[in-house]
Amino acid sequence: MKRILYYLCMACLLVACQENEEMWQGNDGTSEGTRVTVRFSPVQAYYGEVASRGVDDVQGSTIQELLYRLHYVLTDCEGNMLEHDTVTAEELPGFTSLNLTLPLGTYHLYVLGEGLNEGFIHVNEEVQAIDSDSAVWFRNIRFQPVRRELFYAQHTFVVEGTEAGTSFSVELQRQVGMVDLKVKCSDEHFDLLGVTLMIPDGYAGNTLSVDGKVAFDWSQTNGTGYFWTKNIGYGNAPINWEEEGSTYRTRFFMLPTLADYEGEQAPWLMCTYLTGANGNLFNKEVSLKGLTIAPNQVTSITLDLDK
């Protein structure tokens, strides 16, 4: 009888240990936490009614078709950074999902995608090193438009420890607007020397923080004035003009506007060109009061020199 009681006690103890071990491992069979799978839905990649989606006309709807590389940041509910990594251009073609293992809790995921479309020759490094969820993640050179298309998403999710884990999708959305600039002139001797687009500081942002805020970097006041400037056609032009009959056309990206501009100076264009058989030189200024550069939209500007 004592032997039977001994075996029964040992069996109960073994079952208890197994149950404790399973509880310690977690619901997904690991000691680290619950599986979290992040998939990426088709990218919001439409420039209104314009068929061409970018300067280099890279088209598609997936991150593989539209992105050069992908960055992500994971924080806890208090904003403490837990993970920060990059899916490189070499890794992106085989990338299917972001797979994490996390303890129970609430988390914030931030994603930044650099587009394959380029609006500027000699694309520089514009993604910044970050140390918090409010740090500037993307900064483009002041007085220049964005050099790559920019996509962004953020998502808050809760890990509850279910057996199936946590799974969700995020949609990257284009954060830059495209400026489509046309210059028309019917003079057969017309020669476009250059165009300068000038935008007051603070009207169009040049930074994007991890938490998605667009802003203008006022620290870069280096004596160059209160304007963003974009010179086209002077010297080694960063963007090539497309000639369509008597119309010259170029396109480039900029971060979206912050608000309607209320200062004394309004955005404006200055065009320098030659006309006539003798090559008469002209400068023409055009006010762009009310100019809006909105994300995922095209802002069309037509300068008709015959008027």
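All values derive from a computational prediction rather than experimental measurement.
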Undergrad: Drop me the distance from Tyr72's OH to Leu98's CG, to the nearest 0.5 angstrom.
TA: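 Output value for this atom pair is 5.0 Å.
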Undergrad: Do Leu208 and Trp137 have side chains that get closer than 4.5 Å, going by heavy atoms?
TA: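 Counting from C-beta outward, Leu208 and Trp137 never come under 4.5 Å.
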Undergrad: Are Thr272 and Asn283 linked by a side-chain donor-acceptor pair shorter than 3.5 Å?
TA: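 Their side chains do contain a donor-acceptor pair, which is all the 3.5 Å distance test asks for.
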Undergrad: What are the two closest heavy atoms between Val159 and Leu102, and how far apart are they?
TA: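 Smallest heavy-atom distance, with atoms named: CG1-O, 3.8 Å.
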Undergrad: Taking the six-membered ring of Phe253 as reference, does the cationic atom of Arg147 (NZ for Lys, CZ for Arg) lie under 6.0 Å from its centre and within 45° of its axis?
TA: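 No, Arg147 does not lie over the aromatic ring of Phe253.
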Undergrad: Does the side chain of His108 pick up a donor-acceptor pair with the side chain of Thr156 at under 3.5 Å?
TA: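 Thr156 and His108 do have a side-chain donor-acceptor pair below 3.5 Å.
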Undergrad: With no hydrogens and no angle check, do the side chains of Gln175 and Gln173 hold a donor and an acceptor under 3.5 Å apart?
TA: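 No donor-acceptor contact under 3.5 Å links the two side chains.
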Undergrad: Compare all side-chain heavy atoms of Leu82 with those of Asp76 and state whether any distance is below 4.5 angstrom.
TA: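 Yes, their side chains come closer than 4.5 Å.
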Undergrad: Would you call the rings of Phe190 and Tyr273 parallel, tilted or perpendicular, where under 30° means parallel and over 60° means perpendicular?
TA: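 Because their plane-to-plane angle lies in the 30° to 60° range, the rings of Phe190 and Tyr273 count as tilted.
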Undergrad: Any donor-acceptor pair under 3.5 Å linking the side-chain atoms of Ser186 with those of Asp306?
TA: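 Indeed, the side chains of Asp306 and Ser186 share at least one donor-acceptor pair under 3.5 Å.
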Undergrad: Please tell me whether Thr86 and Arg69 have a donor and an acceptor in their side chains that are separated by less than 3.5 angstrom.
TA: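 Side chains of Thr86 and Arg69: no pair found under 3.5 Å.
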Undergrad: Any carboxylate oxygen within less than 4.0 angstrom of a Lys/Arg side-chain nitrogen, looking at Glu149 and Arg174?
TA: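 A salt bridge links Glu149 with Arg174.
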Undergrad: Is the number of heavy atoms from other residues, nucleotides or ligands under 6.0 Å of Lys284 NZ greater than 12?
TA: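 Yes.
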